[in-house]
Student: 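Okay, handing you the structure first.
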Amino acid sequence: MRPTRRLLLVGEGNFSFSASLCDASDHETHITATCYESEERVSRQALAKNNIQHLRGKGVEVCFCVDCTKLKDYFLPAKRNFDCIYFNFPHCGRKAGVTKNRELLVKFFCSCADVLTEKGEVHVALCKGQGGTPADQPMREWHNSWQVVAMAAGAGFILSDVHPFNSEDVHGYKCTGYRSQDKSFSVEGALNHIFTRSLPFPHPRPVICQTELEGKWVSFQVPEIFVDKMNRGFLGTNSDHPVRTINEKLIAQLSQTFPLQRVDHSLSLLHQGHLSAVSQSNAFWIIPNTEQNSSSEPPGKGTARSVLFPGLHFCRDIDQYDRMKAQEGDQLSERYRLRSSHLVYVQDVVRRLSFLPGTLHVLTGPVFRKCLISPHTLPVFHETLFICAVDKGTEGSCIQMLMDNIKNTVSSLLPPLSCFTLNSTVQEAKSSKTIELNDSVMPEPQLDKTQYFICVKTDTSDSKANGSCIGDISAAPWGTVNSELSIVFASVNLDLLAMQICGISDWRMLWTLDERFLNQFIGGELGPFKSFSLHPPSYVHDVSFWVPEWEQFDEIAFHTIARCVSQETVMSIQLLDSFQHPQTGQTSLCYRLTFQSCDKALTRQQVAEMQMQFRKKIQQCLHITLR
């Protein structure tokens, strides 16, 4: 028994479950037991008649002729506040097939939404295989099941728990009603599905963000896919988010070995120049408004506002940026992008008077990159960058100390059966690159330098992979400090590390607005995460199109549009077929998109609308011809 106060049971037959639940409840729990049939008909069964008398003697409200698909019609508004609704082994009766029973479930869940409290639960017990989830063993084919999770999604419910329905644990319970008769049926392997309300999908509005740029405050429009990810405060002092907890533990460990200084000045969200670690096609190009707010004074408390300033632009790619620049003239004299790594701040940190060789300087915050869609590929994540200037020739010992401290911290937080590895690669001559930072150039690791990739592998990791790469450590000469010093960097992707430590399978869950996520990490606890949305339904749509001959197809832009239009519900994109016309030479591509939400109820109708919008957007933005 969960600590609920108002319980509603629908579709009762002989009321044996109601009687058992009543006997197990305390006197503060109010139970309402209902039946679809009339009292006269039900009372013909001796067991049912005795249970009804027992319930009424205990003060239970027993109602008849109650249609579970129209519950609000039977309860006054003041009484539409049930904490838990039970429906055991629903069935339309007789030989009704899966289609009819799915319809029953859809109407039932919609009816529950009218009389359930905000944090209430709906319990649905189904016979073996009916639910259509992986919890059923063996699992039925999807088309032959009742698709209970998808049916619940239509009313805004998600499956939050599922466990065996053991009739032996319900004292006095007798399941009857086989084909609408007073006959028992098998409940071996039956499951109890527990549903809760999902947060609705938001309706994103344009958000204008203000950031400091070259000593002045400027405004820019936030790309739509990041509207709900700006100013979330994950790293704030009062935050219990696992990203902050892990970051603080890393810093605390490293402070025992190095003098440590946090770079706490406001880090601009925009930067100029080119960072070789992130290709231009992976950058979010921005044209800030330098006229609306070019004051050197910081803005008020709200650094992001849902207002649209005239003259603000978000560019799909560098080519569009250049076209707009040519149209606007000198007003768009510089290129800006959302920061893709904290490496862009290294020069600024080194030039500061407070920069001390031998001291570990720490920069932390979100960074943004365009990328292909996958559960472990993050378009936004929290990066911590450790910077230390050391004497030339001592880089190896500094790297070793960084590795040891990071390894000790991560190993202490990882679950059992996990392993921590450091894979090293030596840069080849042909891959030597530079990182441009404003007006200076920082060489990447020289040919004789080694770059270490920090990897974590758990028992659930893909056996063919080397685990998740959560960061890297490398060294590079830095002539602007002085000729005798080198800079050692250690970059850590806190989001990927949190996923490995807490057993979070999908990066999107880190950004959920549902309080049930953070409630599992109160006080900085880093236990294993238990998902509150189990076995979410997935929906598949294909799209095929001709690629224009004069333009190379931008697959990253294709994925980015899918993210934006679907509100991050596209979980995978797979290229099914590529075909070149023998006469025209045109190329045709066919992709399969799989939609699935990790924290919200997603319906087939919503996905169909997203797919239609996606088709329009790729036609407009990528100049493809739909087939």
Student: Please output the side-chain donor-acceptor pairs of residues 102-109 that fall under 3.5 Å, not counting sequence neighbours, one pair per line with the distance.
Tutor:
| from | atom 1 | to | atom 2 | distance (Å) |
| --- | --- | --- | --- | --- |
| R102 | NE | S145 | O | 2.9 |
| R102 | NH2 | H143 | O | 2.7 |
| R102 | NH2 | S145 | O | 2.8 |

Student: Could you tell me whether a side-chain N or O of E383 sits under 3.5 Å from a main-chain N or O of H342, the two making a donor and an acceptor?
Tutor: yes
Student: Would you list the pairs meeting salt bridge (Lys or Arg N to Asp or Glu O under 4.0 Å) in which at least one residue belongs to residues 130-154, sequence neighbours left out?
Tutor: none
Student: Counting neighbours of CE on M139 that are heavy atoms of other residues, nucleotides or ligands and sit closer than 6.0 Å, is the number greater than 12?
Tutor: yes
Student: Report the residues that fulfil salt bridge (Lys or Arg N to Asp or Glu O under 4.0 Å) with D472, sequence neighbours left out, ordered by chain and then residue number.
Tutor: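 Here no residue qualifies.
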Student: Strictly distance-based, threshold 3.5 Å: is any side-chain N or O of R508 a donor or acceptor partner for the main-chain N or O of E568?
Tutor: yes
Student: Test of understanding: with side chain to side chain donor-acceptor pair (under 3.5 Å), list the residues that count as partners of H382, not counting sequence neighbours.
Tutor: D495
Student: So for atom NZ, which belongs to K617, do other residues, nucleotides or ligands contribute more than 12 heavy atoms lying within a distance under 6.0 Å?
Tutor: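 Counting neighbours around NZ of K617, 12 or fewer heavy atoms of other residues, nucleotides or ligands fall under 6.0 Å, so no.
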Student: Quick check against the 3.5 Å criterion: does R232 have a side-chain atom that pairs as donor or acceptor with the backbone of D228?
Tutor: yes
Student: Please check if any side-chain donor atom of S268 sits under 3.5 Å from a side-chain acceptor atom of R339, or the reverse.
Tutor: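 No pair is found: no donor N or O on one side chain lies under 3.5 Å from an acceptor on the other.
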Student: List for me each residue that meets side chain to side chain donor-acceptor pair (under 3.5 Å) alongside S531, sequence neighbours excluded, and say none if there are none.
Tutor: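 S531: no side chain to side chain donor-acceptor pair (under 3.5 Å) contacts found.
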Student: Relative to each other, are the rings of F595 and H541 parallel, tilted or perpendicular (30° and 60° limits)?
Tutor: perpendicular
Student: For F220 together with Y336, are the ring centres under 6.0 Å from each other?
Tutor: no
Student: Regarding T569 and Q596, is there a side-chain donor-to-acceptor distance under 3.5 Å anywhere?
Tutor: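 No, no side-chain donor-acceptor pair sits under 3.5 Å.
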Student: In this structure, are over 12 heavy atoms from other groups packed under 6.0 Å from Q552 atom CD?
Tutor: no
Student: Quick check, are the ring centers of F381 and F368 under 6.0 angstrom apart?
Tutor: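 Ring-ring flag for F381/F368: false, centres at least 6.0 Å apart.
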Student: How would you list, by chain and number, every residue that makes a salt bridge (Lys or Arg N to Asp or Glu O under 4.0 Å) with R615, sequence neighbours excluded?
Tutor: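 Result, salt bridge (Lys or Arg N to Asp or Glu O under 4.0 Å) vs R615: none returned.
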